[in-house]
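Only heavy atoms go into these numbers, but all of them, side chains included; no hydrogens, no water, no symmetry mates. Counting starts at 1 for both ligands and their atoms, following the listed order.
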Amino acid sequence: MRVLLVGPPGAGKGTQAVRLAEELDVPHLASGNLLREAIAQGTTLGHKAKGYMDKGDLVPDDLVIQLMEARMSLPDCEGFVLDGFPRTGVQAKALDDALERAELPLQVVLLMQVDRDELIRRITGRRTCPQCQRPYHMIYNQPKDNETCDEDGYKLTTRPDDTLEAFAHRLDVYQAEADELVGHYAQGGLVKRVHGIGTVDEVHDRIAEAI
Ligand code: AP5
């Protein structure tokens with residue numbers, strides 16, 4: 001399967017994408033995770049991206065496209081769950097072109113819908129594993145063992161862009177780009193809307209049904 005998850009910050013894209021990718025046995029390709037890895041590794045691209053990310057601005061298209069094309073050119077990418085890329089019309093066109101060349105078209109675009117108050121509750125309670133980047137929530141989606149990752153035992157941290165101020169800006173940025181992006185995929189009949197409120201299991205079941 002080749003699936004794209006679209007939705008506002010905190011909608012649960014990463015939470016659902018990890019699980020879906022495991023079930024479909026395909027890689028989870030998250031632009032935000034790849035950018036944070038580049039920052040952690042101290043690469044030039046990571047250096048350039050950090051200032052944009054901390055403020056909640058979009059990283060310039062050319063940098064994100066370069067990063068995603070490099071990852072998607074690896075042989076494990078005949079199927080995938082894309083999370084957070086593309087986010088702009090320019091990125092969508094670059095992805096279309098790359099997938100057309102590879103003869104691997106997208107099959108479904110899942111638009112996750114969650115209201116602002118719930119997004120704020122999710123963002124303010126989120127903790128993330130600095131190693132594997134799995135997201136947790138201190139009330140809704142707790143790790144088994146206090147503040148460490150279930151997968152690898154690393155101590156969970158708070159993302160620098162999970163402040164209320166950065167969240168509000170990220171939401172504005174998302175809303176400014178979303179119509180064009182969703183319209184692009186709606187033309188091809190690929191978009192399925194998913195009600196994103198409910199437990200992680202409930203949302204997962206809606207996604208499975210939509211697929
Ligand atoms: P990115 O990392 O992609 O962040 P985002 O899109 O803002 O989304 P989030 O990761 O905040 O939320 P999510 O929907 O994945 O929610 P999660 O599952 O964690 O991007 C970060 C930055 O990188 C951008 O601002 C930009 O600077 C840059 N960037 C990335 N991609 C780019 C691109 N293509 N172009 C340009 N720049 C780019 O869940 C949130 C919380 O809710 C967690 O605590 C979770 O445990 C909890 N939760 C999940 N599901 C539920 C549920 N059903 N009920 C209750 N709680 C839940």
Side-chain angles (χ1 to χ4, degrees), residues 4-21 28-39 45-46 48-69 71-72 81-92 94-95 110-115 117-129 132-143 149-150 156-163 165-178 181 194-207:
L4 165 62
L5 289 176
V6 175
K13 302 181 296 294
T15 302
Q16 297 295 336
V18 167
R19 185 160 166 182
L20 196 57
H28 168 210
L29 306 179
S31 47
N33 290 1
L34 290 174
L35 287 163
R36 282 183 287 274
E37 274 171 33
I39 292 171
L45 191 150
K48 289 182 186 163
K50 185 171 178 4
Y52 296 100
M53 292 177 74
D54 287 352
K55 282 188 277 176
D57 282 327
L58 288 183
V59 174
D61 285 330
D62 57 334
L63 295 181
V64 180
I65 291 169
Q66 180 192 334
L67 190 70
M68 293 305 290
E69 284 191 346
R71 177 63 185 90
M72 294 186 77
V81 177
L82 271 174
D83 160 10
F85 175 88
R87 256 176 161 92
T88 64
V90 172
Q91 293 177 20
L95 179 67
L110 300 166
L111 175 59
M112 299 187 60
Q113 297 180 299
V114 176
D115 64 67
D117 288 348
E118 176 66 8
L119 293 174
I120 290 173
R121 280 191 283 277
R122 291 186 185 182
I123 289 283
T124 50
R126 174 162 57 186
R127 300 289 182 279
T128 307
C129 174
C132 70
Q133 305 212 36
R134 194 173 277 253
Y136 295 87
H137 191 282
M138 296 324 286
I139 298 167
Y140 301 141
N141 187 17
Q142 296 174 347
C149 177
D150 296 348
L156 303 180
T157 56
T158 302
R159 275 173 39 179
D161 59 348
D162 274 352
T163 61
E165 192 187 358
F167 161 75
H169 186 56
R170 282 157 62 201
L171 187 58
D172 287 346
V173 168
Y174 169 77
Q175 285 167 341
E177 301 286 348
L181 188 66
V194 177
H195 178 50
I197 296 187
T199 64
V200 171
D201 285 345
E202 285 166 348
V203 177
H204 167 268
D205 289 349
R206 288 178 207 138
I207 286 178

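Looking only at protein heavy atoms, the nearest one to atom 22 (C) of ligand 1 is Met53 CE, 3.9 Å. Arg122 NH2, 3.4 Å is the protein heavy atom nearest to atom 52 (C) of ligand 1. Nearest non-hydrogen protein atom to atom 31 (N) of ligand 1 is Ser31 OG, 2.7 Å. Summary of contacts: the protein heavy atom closest to atom 47 (C) of ligand 1 is His137 CB, 4.1 Å. Closest to atom 25 (O) of ligand 1 among all protein heavy atoms lies Arg170 CG, 3.8 Å. Nearest non-hydrogen protein atom to atom 30 (C) of ligand 1 is Arg87 NH1, 3.4 Å.
Contacts of Glu202 with ligand 1, taken as heavy-atom pairs under 4.0 Å, are absent altogether. Only the backbone of Asp57 comes within contact range of ligand 1, with a heavy atom under 4.0 Å; no side-chain atom does. In Val59, the parts holding a heavy atom less than 4.0 Å from any atom of ligand 1 are both the side chain and the backbone. Residue contacts with ligand 1, taken as heavy atom pairs separated by less than 4.0 Å, involve Pro8 solely via the backbone atoms N, CA, C and O. In Thr199, the part holding a heavy atom less than 4.0 Å from any atom of ligand 1 is the backbone. Neither the backbone nor the side chain of Arg127 comes within contact range of ligand 1; no heavy atom lies under 4.0 Å. With a 4.0 Å heavy-atom cut-off, ligand 1 is reached by the side chain of Arg159 but not by its N, CA, C or O. Contacts between Val64 and ligand 1 below 4.0 angstrom, taking non-hydrogen atoms only, involve the side chain exclusively.
For the pair Gln113/His195, no side-chain contact is recorded, criterion being any heavy-atom separation below 4.5 Å from C-beta on.
In this comparison of Tyr174, Tyr136, Tyr140, the heavy atom closest to atom 43 (C) of ligand 1 sits on Tyr136. Among Pro135, Gly84, Pro143, the residue whose heavy atom lies closest to atom 34 (N) of ligand 1 is Gly84.
Heavy-atom distances between Gly7 and ligand 1 stay at or above 4.0 Å for every pair. Contact between Gln16 and ligand 1 is absent, with no heavy atom of the residue lying under 4.0 Å from the ligand. Residue Ala11 places a heavy atom less than 4.0 Å from ligand 1.
More than 12 heavy-atom neighbours from other residues, nucleotides or ligands sit within 6.0 angstrom of CD on Gln175.
Under the 4.0 Å criterion applied to side-chain N and carboxylate O atoms, Arg19 and Asp201 are assigned as salt-bridge partners.
Looking at ligand 1, you'll find an N or O of Gly10 within less than 3.5 Å of one of its N or O atoms.
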